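Below, all heavy atoms of this structure are taken into account, side chains as well, without hydrogens, waters or symmetry copies. In what follows, every chain begins at residue 1, and chains take the letters A, B, ... in the order their sequences are listed. This is a predicted model, so every value here is computed, not measured.
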Amino acid sequence: MAVAGISRRQALKSVAAGAATTAILAHEAVAAATTPPRKHHWGMVIDTQRCVGCEACVIACKIENMTPPGVFYTVVTREPLPGSRNDRPVFMTKPCFHCEEPPCVPVCPVNATYKRPSDGIVVVDYDRCIGCRYCIAACPYGARWFDFGDDFQFLPAAGDQVSPEYKQYRVRTPDGSPVGNVRKCTFCLHLQDESGEYDRSAGRWPACAKTCPGHAIIFGDLDDPESEVSKILRERNAVRLKEELGTEPSVYYLL
Amino acid sequence: MTLKRAFWTVGLLGLVPLGIGFYLRLTTGHELANYGSIIPWGLGVAQYIYFVGLSAGAFLLSSLVYVFGVKRFEPIGRLAVFTAIVSLLLALLAIWVDIGHMERFWYVFVYANFTSPMAWMIWLYTAYFVLLVVEFWLLMRRDLAVARTLPGWRGRVASVVGLWSRDTSDAGLVRDMRWVKVLAAIGVPLAIMFHGGVGALFGVLASRPYWHSGLYPIIFLVSALASGGALLAVASAVFQEGWRAHRQMLIDLGRVVLGLLLLDALLQFSEILVGLYGGDKGFVESLQLVLSGPYWWVFWIDQMLLGLAFPVIVLASRLHLDPRWVTAACAGVVLGFIGVRLNIVVPGLSVEEIQGLTEAIADPRVSLAYFPSAFEWMIAIGIAGLGFVLFGLGEIFLPLSRHLQPDANVHGGAR
C-alpha cells in the first residue's frame with residue numbers, strides 16, 4: 001500500500017531511523033547537561049633530585065587511607081642510573097598518574113571506574129566494581145591494587161579500621177567492599193571541601209605531598225597557570241612516563 | 001569397563017576439592033589465592049580461556065554438520081554441541097569464582113560499558129549460551145520424545161527434559177532440523193565474535209606488550225578450533241559406542257585437527273619471531289619467561305612436545321590410520337593447550353611495568369613470581385572433575401551419537 005508514493009516499508013524505515021537519531025541526540029544532550037564542567041586538573045610534579053628515598057610518603061599514604069597490606073597507592077622505587085654507581089640510585093615515588101586518557105577506564109565492564117569530569121581524578125565505585133581486575137592488567141603503570149582481604153597482623157582486627165576514602169568511612173569487614181575490589185590512589189580527594197577545593201594551609205592536601213620532607217612531591221592544579229606545578233613545568237624540563245602509549249599522565253617527573 | 005570406572009572415579013573425586021574450594025572461596029574470598037596486584041590473573045583465568053576455547057572450537061566444528069552439511073561428521077554433531085555446552089559451563093564457573101564479588105556478576109548487564117571488550121565478551125557468550133541450549137534441545141527433542149516411553153526414572157527424566165514433547169514423527173524431526181540450521185548459522189558468527197573477543201580482551205592492552213598484537217583474536221580462534229576438535233575426537237572415541245563405531249570419522253577428524261594445529265603453530269611462531277626481532281623489552285621479558293623461565297617445561301614439554309610434536313608426528317604419519325593413535329594424539333593436543341593458556345595469561349603479566357616496582361615493596365602480593373596455591377588447584381581440579389561428571393551424565397542420559405528409532409526396541413537403545 002502506497003500513500004503519496006511512499007510505501008509502508010519506507011515509512012517504517014524512516015520512522016525507525018528518526019527514532020534512533022532522536023534517542024542518540026537525547027542521550028548526548030542529557031550527558032552534556034548533567035556532566036559538570038571541568039574545574040580543575042589536579043596533577044603532580046615529582047622532583048627526583050629532591051627525593052632521598054625516605055618513603056615517608058608511602059607511610060603517610062597508608063595511614064591516611066588505611067590501606068591493607070599489599071595495597072600501596074604510592075611506592076618509592078630505587079634504581080641505579082645506567083652507568084652510575086649503586087650508591088647513588090634514583091628514587092622515584094609513583095602514585096596513580098590520573099591520566100587524561102586512562103587505559104583502565106574504557107576496559108571496565110561495568111563502568112565502575114571513571115575519570116571525574118570536574119577535576120580529572122580517576123576513581124573506583126566500590127559498590128559497583130565486580131573485582132575482575134581487568135583494569136589492573138590495563139594500567140601500564142602498576143597503579144592499581146586488588147584488596148584481597150588481608151589484614152595486618154598486629155593492628156586492630158578487621159572491623160575496627162575505618163578508611164576515610166571517598167568520604168565513605170567504610171568499616172572494614174572480611175567480605176564487604178572494598179575487599180574484593182580494585183583500589184587506587186585518589187589524590188586524597190576525601191580532603192576536598194564541598195566545592196572540590198583542597199586547602200594546603202588547613203592540611204587538606206594529598207598525604208604524600210603534605211608529608212614529603214624534601215618537598216619533592218608538588219601537587220596542584222595543572223589548569224591554573226599560577227599554581228606551583230604550572231610554574232615549575234614552565235621553568236624546567238619535565239618528563240612523563242611511557243608517553244608513547246598516549247595516556248597523557250597528570251604526573252610529571254623532574255630528573 | 002575399567003576405563004569407564006576410572007573415568008567416574010576421577011570425576012567424582014574431583015567434586016571433593018571443588019566442594020572444599022568453593023566453600024573456601026565463599027568463606028575466605030581471595031585471601032588464599034596466590035595471585036596479587038602485579039599478576040592479577042592466574043590459574044582461574046587460564047582455565048577460563050582454556051574451556052571457553054574448547055567450547056567455541058567444538059561448536060564451530062558442529063557447524064560443519066548443521067550449517068555446511070558435511071555428512072561424514074554427522075555422528076558427532078550432537079556430541080559437539082554437548083561438548084560446547086559442558087565446556088562453556090566449566091569456563092563460566094571458573095571465571096565466576098575468580099571475580100572479587102561473585103554476587104555482582106549481573107552488573108555487566110545493568111551497568112553496560114560499550115567500550116569494554118570484557119563486557120562485549122560476556123554479552124556475546126550469554127547469547128551464545130542460550131543459543132547452544134536451544135539448539136541442543138532441538139537436536140535431542142525427538143529422541144527425548146521417544147525415550148519418554150522408557151520404563152522407570154529414565155523415561156521420566158526424558159519426559160521432563162524433553163518438555164513433555166510427544167511428537168516422534170519424521171515431519172517433526174525435519175522441522176527441528178530446519179530450526180537447528182538457522183540457529184547454527186547464527187551461532188557461527190556469534191562464536192567467532194565472542195571467542196575473537198576473548199582474544200581481543202588481551203590483545204587491546206597496550207600496557208602488556210606480550211598480548212598487544214592484532215594476531216591475538218585470530219590465534220584464539222584457530223587454537224580454539226584445534227583444541228576443540230581434539231577434545232571432540234577424544235570424546236567421540238570414548239563416548240558410548242566409542243572409537244570402534246567411529247573409525248573413519250576419527251581418522252577424518254584427525255586430519256582436520258592436524259591442519260588446524262599446524263596453522264596455529266604457524267601463527268604462534270610468527271607472533272614469537274616478530275616480537276623477538278622487534279625487541280620490545282616487555283615482550284622479550286615475557287617470552288624469556290616462557291622459553292627459559294622457572295616454568296620452561298610448560299612450554300617445552302607440555303606445549304611443544306605433548307601438544308605439538310607428538311600429535312603432528314602421529315597425525316602426519318601412517319599411525320593416523322589407527323583411530324586409537326588419533327585419539328592419543330588428540331589427547332596430547334587437549335593437554336598441551338592447558339600449557340598454551342597458562343603461557344598466555346601469566347607471562348604476559350609477570351613483567352615489571354615500572355622498573356623496581358616489585359622490589360619497592362616487600363609483600364607477597366607485589367611479586368613477579370606466581371605459582372597457584374592449594375586453594376586455586378582445588379578449584380581448578382574440581383572444575384575439571386565436574387567436567388568428567390557432566391560428560392558421564394550425558395553418556396548415561398543422552399543418546400548423543402545416534403538417533404533412537406521410534407519403532408525400535410528403545411529399551412536397549414538408550415543406554
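Heavy atoms of B/Trp211 lying under 4.5 Å from chain A belong exclusively to its side chain. Residue A/Tyr126 touches chain B through its backbone alone, counting heavy-atom pairs closer than 4.5 Å. Contacts between B/Glu359 and chain A at a heavy-atom distance below 4.5 Å involve the side chain alone, from C-beta outward. Only the side chain of A/Phe72 comes within less than 4.5 Å of a heavy atom in chain B; its backbone stays farther off. Proximity to chain A (any heavy atom under 4.5 Å) is shown, for B/Asn113, by both the backbone and the side chain. Of the atoms belonging to B/Val366, it is side-chain heavy atoms, and not backbone ones, that fall under 4.5 Å from chain A. No part of B/Phe114 comes within reach of chain A, as not one of its non-hydrogen atoms sits under 4.5 angstrom from that chain. Using a 4.5 Å cut-off between heavy atoms, B/Ile95 does not touch chain A at all. Proximity to chain A is absent for every atom of B/Val110, based on heavy atoms less than 4.5 angstrom apart. When heavy atoms are compared at a cutoff of 4.5 Å, B/Ala206 approaches chain A by way of both its backbone and its side chain.
Between the B/Ser207 side chain and the A/Ala137 main chain, a donor and an acceptor come within less than 3.5 Å of each other. B/Trp41 places a side-chain N or O within 3.5 Å of a backbone atom of A/Cys132 that can act as its donor or acceptor partner. When atom types are taken as modelled, the side chain of A/Tyr134 and the backbone of B/Leu201 share a donor-acceptor pair closer than 3.5 angstrom.
In this structure the side chain of B/His101 reaches within 4.5 angstrom of the side chain of A/Asn181, judged on heavy atoms. Looking at B/Thr115 and A/Val105, their side chains never come closer than 4.5 Å, going by heavy atoms from C-beta outward. Looking at heavy atoms from C-beta onward, B/Arg365 lies out of side-chain contact with A/Pro68 at the 4.5 angstrom threshold. Contact of the A/Lys94 side chain with the B/Leu357 side chain is registered, since non-hydrogen atoms from C-beta on lie closer than 4.5 Å.
Distance CH2/A/Trp145 to CG/B/Asp363: 8.5 Å, rounded to 0.5 Å. Atom SG of A/Cys139 sits about 11.0 Å away from atom CG of B/Leu205, to the nearest 0.5 Å. Separation of atoms CZ (B/Arg104) and CZ (A/Arg128) is listed at 10.5 Å; rounding is to 0.5 Å. Note that the CG atom of A/Asp127 and the OH atom of B/Tyr107 stand 7.0 Å from one another [nearest 0.5 Å].
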### Query
How far apart are the C-alpha atoms of A/Ile130 and B/Phe105, what are their side-chain angles, what is the distance that settles it, and do they pass the side chain to side chain contact (heavy atoms under 4.5 Å, CB included) test?
CA-CA 7 Å; A/Ile130 63 171; B/Phe105 75 92; over 6 Å; no

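The residue from B/Ile99, B/Asp98, B/Ile39 that alone fulfils the side chain to side chain contact (heavy atoms under 4.5 Å, CB included) condition with A/Arg133 is B/Asp98.
Each of B/Pro40, B/Gly36, B/Gly356, B/Gly282 has some count of heavy-atom pairs under 4.5 Å with chain A, and the biggest count is that of B/Pro40. Top candidate by heavy-atom pairs under 4.5 Å with chain A, chosen from B/Phe109, B/Trp120, B/Phe202, B/Tyr35, is B/Tyr35.
In this structure, A/Phe148 and B/His30 have perpendicular ring planes: the angle between them is above 60°, well past the 30° mark.
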